[in-house]
Structures are given as structure tokens and as C-alpha cells.
Amino acid sequence: MGVARHARVVPAAAGRGVRVERVVDLRLCGAILEQSTMTDVPRPDLPPRPSWLPPGPAEPGEGGLATPADAAAATLSETSAVTLFDLAEASAVSHEPTTASNSAIDRPTAAELVAELRRQDALIAGSTSPARLRVLLAAESAGALIGAELRAAGLPWSTDVHEGVLESELGARPPHGGKPARMAALAADVRAALDAPTLNLDSQIDLLRGLRNAGLPVASTSRWELREHDHPAIPPLIAYKKLARLYSANGWAWLDEWIRDGRFRADYVPGGTATGRWATSGGGALQLPKQVRRAVVADPGWRLVVADAAQLDPRVLAGLALDERMAEAGRGRDLYAGLVDSGVVETRDQAKVALLGAMYGATTGDSGRLVPRLARAYPKAMALVDRAAADGERGLRVTTRLGRSSPVPPPAWWEAQTRASQPDASPADERRARSVAREWGRFTRNFVVQGSSAEWALCWMAALRSRLAEIGAAGAAVTRAEASGTVFDSAPHLVYFLHDEIIVHTPAEQAERVADAVRESAADAGRLLFGAFPVEFPLGLAIVESYAEA
DNA sequence: ACCTGCCGCGCC
DNA sequence: AAAGGGCGCGGCAGGT
């Protein structure tokens, strides 16, 4: 499969100083093509979809729909699919022992791979928008390669700094199996305040019961609800939860498991979510709490170029909807500030809440109240997300800028709709059907924006990867003599990706050139998605030694 | 000894 | 501040 095989081959290539130029990930590309509303599948004139590709969309009421389990299998199975990259692998590293993951049964032959490549080419050529799909599939394939390279390179990580954070927050590392004394003390305070000497704070059920017994009318134990109440148990409980989170998610055990030789090698899963965003399958690289980012530190003589796309989602929405006024609000300035300047809302915070509400489908609260003002100012943008929601409520697929389509709703969703349309349907049936329909509408509303933003980010990274190679090649002429290690030891390279944010690890003397390349690549991405439409994608960018400084 | 569902919370 | 999208993960609880 794409990731696993890239993950095996990229380090092997990198270790010999070989840089992979380009890949086609037939599994990821095939999944997009099978699902996209831009393509016409099935095509009786073409060979059938091979069994090692994930299934396409199922019709309502039919079997074969991608259940979560199926989707997981398609995404994660070591044996389910293969890429053209394997052709190169077969010749380049054929001396490697055969493993269970590339047994003959599951492994397509070279002829089968070529046939599949031709089938995919035919699907693209017969689609409603071949140019967009080609950009998407090239970017998706580059993403698969980059995901493997991120793991091979690793994020530079200072165990010392991380341990310093843990000690200042949690106190000394507890003996094996024990909890930090500071957490134990806070837990004792909570138990005393609730008059519940045996309460287990880590048990949601136990804790909820304890809070209610103490007279607190809470429906959950979540922090935002607890904050509303004034009780002596609340402050230590919130403090405990904060420490417990750090301790269990990014504590000493995480350090032991995930940091080797000063590098965090995360398991990225490119294309791992429905919207095309990446996922992770271990280490939680996409959930690194701000607290521990201080531990991301460049090697001596190196720098981190940290960049994030400013207000990416609303800018993408402006491009999708060809909403000139919204694009104008973000030209040469913070887009949220642009909304204030235009008199749409009074404060930057209101602008942010209103836009998030529009893209997520908020109907209540401050956010819901602000959305109508946005609709008056930017009718084209609002019409686009409203249309996506309306389509989703009817069970239709929606599609991103470059051609990734949402899945059709699962069988239970259709069953709920069918039940509500029967003559003997109860009011509860009808409420249920409306409720799940609207939920799916919120998903598709967000899908078009989040998915198109993911495409922008992939194009950004893919363009950057090429530009970094040029910078690295120029630098290599100078340092070739001593460059004996991997391709990551001497040249600037990507080390982190987080939806709309990247980090490049680079020799200090090349950091400014890398920063320029990062900005130029963002402009490339904007053109790849939206052509000449005048929507800008400015970056927040910093050249730093530690991620926390960015 | 697993597995699954749920909660809460970290990130975008 | 409030509850609208996408995730992964750790922990508990209840099942087999």
C-alpha cells in the first residue's frame, strides 16, 4: 500500500543519498477517482476495478458500502494495495527479504499495475474536469511520498526540554506505575471537597456521580461545563484534568515510546480522512499540545522555518465561490480584520466566530446570530456552503475544488429517511430523520471547504518539496565532500505538517532562501486551485530555533 | 485477554 | 463565550 511501502522504501533510498523524484500512488488516486462525482464509474468499456483498490460509492440500500471497518481496512491494510513505486522498489531493493506484507497473493504484477494506471488515465480523460483531477492526483501522490519522508527525517526533538516541561508542570517523574505527586494531591483536594473519599477522578461515571451527590447539577464532566459552577471542588478538578491530560498523552511514557535519537517519527496517514486531510496512526503528531512544542528544537547550526496559512478556510471558501468581495476583504490584510473594515461585524473575534459558524453550520449562540450578517455581505460564499448543506441533507455527494467527493451516507441514514417517509411514521421517526439529515448536511457543508483547504495544503507542500530540492542541490555542491549520511543530513527538508502549517528543518545559512520558497509555494498552490482568481494566501512565517518561538 | 463504545480533550 | 465540522488517543466500562 502507499504509506507502508513508501515508509519502507523512502528511508532505504534516503539512506543511500537517493532522492525520489515522483510517485504515483495508485491506491490513493484510485480511491479518489472511484468516489469522485467528476468521473463516470462504473465504465463497462474499461477493465474492472482491481480487488486491491478500495470500493467506490454504493447506491442507497445496496450492499458494499464502505463501512468504517471497510474504510479502515482500505486505509490501513498492509496488503490491500500497491503503487507503481513498487516497480522501482522491485529493481532497487530486490535483495530485501520478502515479508508477509508483499506476498505474491496480494501483490499485483507489473502488468496489472500498468493496466490500472491506464484505467485511471481513462477515468481522468473521461471526467468532467481532467485538469483539476490531474492536479489533485499529483498532489495526493506527492503527499504520500512526503508523509513517508516526514517519518524518515523525523521532527527534531529535545528530550531534555520536554522533561523540563513535565517536571515544571507535574513535578518529579513518579516511580514506575505511580502518578505524579502533584496530581495525587489535587485528586485528594477534589475528594475532600466532594466528601467522596474513594472517588476515582479518571472514571467519568464515578466523577459525575460524585459531583451530583455534592449538589452540582452537571450533565457532563467536561471542562467547559464545570467552569460554570462555583464550588470548592472545581478549581482542583480542572487543574487535575489539565495535568492528567499532559501526563497520559504526552508524558514520560510518550517520550519513551516516540523519541529516538532526538527525533519524533510520527505515523502519518496521508489522505486518511474523508475530507482528504491527513490522519495519524500513532504518536498523535496532529495533536501536539502547545505546552510541549518548546521541545521541537533545531539541530546546532540549523533552523526551523515555521509557516502557517493565515485564515486558510475562509480564503479557500472565497475562491470556491468566486466571491470577489470576500477575497477583497483578505487582500493585503488579515481577512478577519477585513470583515471589520468592511463594517460586516464590529470585532475580529466576531468575524472569526461568524465565519467558523458559516462553514460549520452553526444555528445557535453568538455564532448563529452573526451568520445572517455574513450572508448579507457575502452572498456568493454563503450560497456555496448552503448549497453543499442542502445537497448533503438529500444524501447527495458534494465535491471539492479539485474533485474529491464526499461519501454517500451510511445505510442507517437511509433507513432513517425511509422510515420517516412511511405512512405510519411517528413524530419521533420524523424528528430522527430530520436530525440525521441535518447532521449530514453540516458534514457536507464543511467538507467542501475543509477538503479544498486540504488540497491547497497538499499543493503547497508538493510545490515546496520541489523547491527545497533545488535549494538542496545548490547547497550540495558545497558540502558534497562531507555529506556521507542520508539525504536529510545536509539539505533543507520538511519535518512537520499540520493541516495548514509546515516546518522545514534547514541549515541556518539557507533559511532565508527556504522562507522565500515557502512563500512562493503558497502562491503556486493558490494558482493551482483558483487560477487567476484574485484570492491571496498569506503566511505567518518565522525562522526560529524552537517551535515555541514561532 | 481481548474488543467496542463512550467520554473528554488535544489539534486544525 | 459557545456547541456547529474533521480527526486520534487514553482511560473506563461493559461485553465476549
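None of these values were measured; they are calculated from a predicted model.
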So, [X] versus [Y]: side-chain donor-acceptor pair below 3.5 Å or not?
X       : Y       : result
Q450(A) : D313(A) : no
Y240(A) : D202(A) : yes
T399(A) : T37(A)  : yes
T400(A) : E455(A) : yes
T280(A) : D267(A) : no

- Task: Please find the earliest and latest nucleotides of DNA chain B, in the 5' to 3' direction, that have an atom within less than 4.0 Å of any heavy atom of chain A.
- Result: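 Extent of the interface on DNA chain B: dC7(B) to dC12(B).
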For [X], answer base if it contacts any base atom (sugar-phosphate contacts may also be present), sugar-phosphate if it contacts only those atoms, and nothing otherwise; contact means non-hydrogen atoms under 4.0 Å.
X       : result
R293(A) : sugar-phosphate
S453(A) : nothing
R445(A) : nothing

- Item | Main-chain N/O of A310(A) paired with R315(A) side-chain donor or acceptor, under 3.5 Å |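 Checked: pair present.
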- Message: Has T347(A) got a side-chain atom pairing as donor or acceptor with Q350(A)'s backbone, closer than 3.5 angstrom?
- Response: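 Checked: pair present.
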- Contact letters for nucleotides 4-16 of chain C, in which S counts primed atoms plus P, OP1 and OP2 and B counts the base, heavy atoms under 4.0 Å: BBBBBSSSSS---
- If you draw a 6.0 Å radius around NZ in K380(A), do more than 12 non-hydrogen atoms from other residues or ligands fall strictly inside?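 Yes, the 6.0 Å shell around NZ holds more than 12 heavy atoms from other groups.
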